[in-house]
Peer 1: 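Please see the structure below; I have some questions.
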Amino acid sequence: MPPISRNGSKEAKNLIDAVLKFSSNTFKHGVHPPEHKEDTNKLPVRQFPFPPLIVLPMQQHIGKPAQVIVREGQEVARGQMLAKADGYLSVPMHAPVSGIVRKIANVPVIGGQKASGIYLETFPFSGQEVVEGAPVPLSASPEAILQGIQDAGIVGLGGAAFPTHVKLKIPEGKFCEHLIINGIECEPYLTTDHRVMLEQADDIFTGIRYLLRVTDAKQVIIGIEANKKDAADHLADRIPDDLPVKVKVVPVKYPQGAEKMLITALLGKEVPSGGFPIDVHAVAVNVATTAEIGRLLPHGRGIQERVVTITGPGIKKKGNYLIPIGTPLRFVLEHVGAAENLSEVYMGGPMMGVSASDLDLSIVKGTSGIVVFGDENVKRSDKIYPCIKCGACVDACPISLNPSRLGILAKSEAYDTMAEEYHLMDCFECGSCSYVCPSNIPLVQYFRVAKGIVRKRKSAVAHV
């Protein structure tokens, strides 16, 4: 920024007003980690090869796992339903490739556990045409569209993997005024949503039409960070005349992609503690999820693949790839030329992603990126020092919690106090507190464990 004169010149005043206006169009606190997006943000999406074996966990979404409806030895076609939704808070699974169901058994999932799944052997010479079902027209009722979204197996592709049809169901007595399309992608390294906005504009606007039909929103805002100005211009130039859509560019800051933070930035409203976006008459949907709705529903298809950013200093062929869901991580890394001395492999970004415990894990619906580091890229500091009460974590927390106090309580296993007096359950585990902590305290890991224990206790009480 150029120096500002103290003489009260008109130019200086205009510059100050512009800076204040730009700065107010965001949320309080947050952090600014290095972006590292320049390696892939100019690279178009490329089709990834089909692996010889697909490994499909049935638990790829929040809610109940899908129920397998095929048998071992059965031949299936790409796009065919392999497992049905088990109730309302669940979605089906579809075949990412044509092949033979070799085994129905437990498969590895993130975190070191195993869960029910399907091993699907790919037909090597198949044309891999996609099986289509009954199309869901834009003229369909909101209920039919919600059913079509569930039948397509669509979940939040930004990483949360919450079933989209559940998110879009407006509760009785509530209404949606603002439909927010989340194109922020604030996580370092990832450029998946950036490329989707540049390459799938038509699908995005078709998806918005379906979303408007379901939510009855009066206004659509596509929120995009300033580091993706080309995507903002691209979408703004292509807004159909009959859609109430505007593109809004916001400052670059982490974790602006969190829906509550984005609502504050775009609408100036704060979602109440323990509440949801609909409490301020808003619904937020990830831009890639929106594109999938627009791509799949007109053809009656289920989701079989997704765009994934593969990057990091430990990768030779960095890029954005359209990868079949269920592709094993080991196959992915072999194809893109991963470093031999692997140190860390993150499923997702480095802030909210999870370090892979096993290279036999597979790409799932919520996998937005794979970030790889070699030994020479990681400076390990395993020593944890005492909290020095510096307040850096308090200044960083986007929802104004007291991570320092929560961390002290976590070490004392005072989990109920954390939840009841310090709003533990409002934490969405963005990692900002851990990022700024000079004592190297893994605060977000403490909170993740604490939240899991609180949930188990509440569940146990509910079943008494």
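Heavy atoms only: backbone and side chains are in, while hydrogens, waters and symmetry mates are out.
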Peer 1: Would the distance check show the side chain of Thr367 and the main-chain N or O of Ile363 forming a donor-acceptor pair, the cut-off being under 3.5 Å?
Peer 2: no
Peer 1: Could you please spell out the steps behind the side chain to side chain contact (heavy atoms under 4.5 Å, CB included) verdict for Ser116 and Gln59?
Peer 2: CA-CA 8 Å; Ser116 61; Gln59 182 75 68; over 6 Å; no
Peer 1: Please find the pair of heavy atoms, one from Leu235 and one from Met197, that lie closest to each other, and give the distance.
Peer 2: CD2-O, 3.6 Å
Peer 1: Examine distances only and state if a side-chain atom of Thr191 and a backbone atom of His194 form a donor-acceptor pair shorter than 3.5 Å.
Peer 2: no
Peer 1: In Å and rounded to the nearest 0.5 Å, what is the CG to NZ distance from Leu157 to Lys365?
Peer 2: 9.0 Å
Peer 1: Are any of the side-chain heavy atoms of Val394 and Pro403 separated by less than 4.5 Å?
Peer 2: yes
Peer 1: Under a 4.5 Å cut-off applied to non-hydrogen side-chain atoms, are Gln304 and Arg301 in contact?
Peer 2: yes
Peer 1: Kindly give the heavy-atom pair with the smallest separation between Pro298 and Thr206, and that separation in Å.
Peer 2: CG-CG2, 4.4 Å
Peer 1: Using the side chain to side chain donor-acceptor pair (under 3.5 Å) rule, take Thr40 and Thr311 through it: C-alpha gap first, then chi angles, then the decisive distance, then the call.
Peer 2: CA-CA 7 Å; Thr40 58; Thr311 186; 4.9 Å; no
Peer 1: If I take atom CD from residue Glu420 and atom OG1 from residue Thr417, how far apart are they, to the nearest 0.5 angstrom?
Peer 2: 6.5 Å
Peer 1: Verify, without hydrogens or angle tests, whether His61 (side chain) and Lys64 (backbone) share a donor-acceptor contact under 3.5 angstrom.
Peer 2: yes
Peer 1: Please determine whether side chain to side chain contact (heavy atoms under 4.5 Å, CB included) holds for the pair Val283 and Ile278, giving the CA-CA distance in whole Å, both sets of side-chain angles, and the decisive distance to 0.1 Å.
Peer 2: CA-CA 6 Å; Val283 170; Ile278 197 63; 4.1 Å; yes
Peer 1: Near Glu340 CD, under 6.0 Å, is it more than 12 heavy atoms from other residues, nucleotides or ligands?
Peer 2: no
Peer 1: Mind listing the closest non-hydrogen atom pair of His94 and Gly79 along with its distance?
Peer 2: CD2-O, 3.3 Å
Peer 1: Ion pair present between Arg195 and Glu185, side-chain N to carboxylate O less than 4.0 angstrom?
Peer 2: no
Peer 1: When rounded to the nearest 0.5 angstrom, what is the spacing between CG in Asn320 and OG1 in Thr309?
Peer 2: 4.0 Å
Peer 1: State the SG-CG distance between Cys393 and Asn402, to the nearest 0.5 angstrom.
Peer 2: 6.5 Å
Peer 1: Taking side chain as C-beta onward, heavy atoms only, is Cys387 less than 4.5 Å from Ser404?
Peer 2: yes
Peer 1: Taking the six-membered ring of Tyr119, is the NZ or CZ of Lys103 close enough (under 6.0 Å from the centre) and on axis enough (within 45°)?
Peer 2: yes
Peer 1: Rounded to the nearest 0.5 Å, how far does CD1 of Ile370 lie from CD1 of Ile315?
Peer 2: 7.5 Å
Peer 1: Looking at every non-hydrogen atom in both residues, tell me the closest pair between Met347 and Ala356 and how far apart they are.
Peer 2: CG-CB, 4.2 Å
Peer 1: Do Lys451 and Glu429 sit within salt-bridge range, that is, some charged N less than 4.0 Å from a carboxylate O?
Peer 2: yes
Peer 1: Any side-chain to backbone donor/acceptor pair from Thr289 onto Val285? Under 3.5 Å, distance only.
Peer 2: no
Peer 1: Taking all non-hydrogen atoms of both residues into account, name the closest pair between Ile399 and Asp426 and its distance.
Peer 2: CD1-O, 3.0 Å
Peer 1: Report the residue from Val196, Val307, Val308 that forms a side chain to side chain contact (heavy atoms under 4.5 Å, CB included) with Val45.
Peer 2: Val307
Peer 1: Can Thr192 and Ser368 be said to form a side chain to side chain donor-acceptor pair (under 3.5 Å), step by step?
Peer 2: CA-CA 7 Å; Thr192 295; Ser368 54; 5.8 Å; no
Peer 1: Scan Thr290, Thr164, Leu168 and name whichever one has a side chain to side chain contact (heavy atoms under 4.5 Å, CB included) with Ile154.
Peer 2: Thr164
Peer 1: Determine the interplanar angle of the Phe373 and Tyr189 rings, folded into 0 to 90°, and report it as parallel if under 30°, tilted if 30 to 60°, perpendicular if over 60°.
Peer 2: perpendicular
Peer 1: When you measure from the centre of the six-membered ring of Tyr385, is the NZ or CZ of Lys383 under 6.0 Å away and within 45° of the axis?
Peer 2: yes
Peer 1: Can you tell whether the side chains of Asp193 and Lys228 come within less than 4.0 Å, N to carboxylate O?
Peer 2: no
Peer 1: What I'd like to find out is whether the side chain of Phe27 reaches to under 4.5 Å of the side chain of Gln256, using heavy atoms alone.
Peer 2: yes
Peer 1: Are the side chain of Gln60 and the backbone N or O of Pro57 linked by a donor-acceptor pair below 3.5 Å?
Peer 2: yes
Peer 1: Taking it one step at a time, do Glu270 and Thr264 satisfy side chain to side chain donor-acceptor pair (under 3.5 Å)?
Peer 2: CA-CA 5 Å; Glu270 184 173 331; Thr264 298; 5.8 Å; no
Peer 1: Given the ring of Phe428, does Lys260 sit roughly above its face, with NZ or CZ under 6.0 Å from the centre of the six-membered ring and within 45° of the axis?
Peer 2: no
Peer 1: Would you say that Phe447 contacts Met418 through its side chain, given a criterion of any heavy-atom pair below 4.5 Å between the two side chains?
Peer 2: yes
Peer 1: If you define the side chain from C-beta out and look only at heavy atoms, does anything of Val336 sit under 4.5 Å from Phe48?
Peer 2: yes
Peer 1: Is any side-chain heavy atom of Pro96 closer than 4.5 Å to a side-chain heavy atom of Leu56?
Peer 2: yes
Peer 1: Is the number of heavy atoms from other residues, nucleotides or ligands under 6.0 Å of Asp202 CG greater than 12?
Peer 2: no
Peer 1: Do Val280 and Ile263 have side-chain heavy atoms sitting under 4.5 Å apart?
Peer 2: yes
Peer 1: If you compare all heavy atoms of His165 against all heavy atoms of Ser90, which two are closest, and at what distance to 0.1 Å?
Peer 2: CE1-O, 3.5 Å
Peer 1: How many angstroms lie between atom OG of Ser362 and atom CG of Leu329, to the nearest 0.5 angstrom?
Peer 2: 9.0 Å
Peer 1: Are any of the side-chain nitrogens in Asp203 or Arg295 under 4.0 Å away from the carboxylate oxygens of its partner?
Peer 2: no
Peer 1: Could you walk me through whether Glu259 and Asn182 satisfy the side chain to side chain donor-acceptor pair (under 3.5 Å) test, starting with their C-alpha distance in whole Å, then the side-chain angles of each, then the deciding distance to 0.1 Å, before giving a yes or no?
Peer 2: CA-CA 8 Å; Glu259 64 180 13; Asn182 188 343; over 6 Å; no
Peer 1: Do the side chains of Glu187 and Lys37 get close enough for a salt bridge, i.e. N-O under 4.0 angstrom?
Peer 2: no
Peer 1: When you measure from the side chain of Ser98 to the backbone of Arg78, do you find a donor-acceptor pair of N or O atoms at a distance under 3.5 Å?
Peer 2: yes
Peer 1: Do any N or O atoms from the side chain of Arg102 and from the backbone of Glu72 form a donor-acceptor pair under 3.5 angstrom?
Peer 2: no
Peer 1: Between Arg330 and Glu334, does a side chain to side chain contact (heavy atoms under 4.5 Å, CB included) hold up when you go through it step by step?
Peer 2: CA-CA 6 Å; Arg330 191 182 303 277; Glu334 289 173 356; 3.8 Å; yes
Peer 1: Is there a side chain to side chain contact (heavy atoms under 4.5 Å, CB included) between Val68 and Leu82? Walk through the geometry before answering.
Peer 2: CA-CA 6 Å; Val68 177; Leu82 303 181; over 6 Å; no
Peer 1: Do Lys317 side-chain atoms and Ala338 backbone N/O form a donor-acceptor pair below 3.5 Å?
Peer 2: no
Peer 1: Mark yes or no for whether Ser434, through its side chain, and Gly431, through its backbone, hold a donor-acceptor pair below 3.5 Å.
Peer 2: no
Peer 1: Please confirm whether the backbone N or O of Ala77 pairs with a side-chain atom of Gln80, one donor and one acceptor, at under 3.5 Å?
Peer 2: yes
Peer 1: Establish, yes or no, whether a centroid distance under 6.0 Å links the rings of His32 and Tyr254.
Peer 2: no
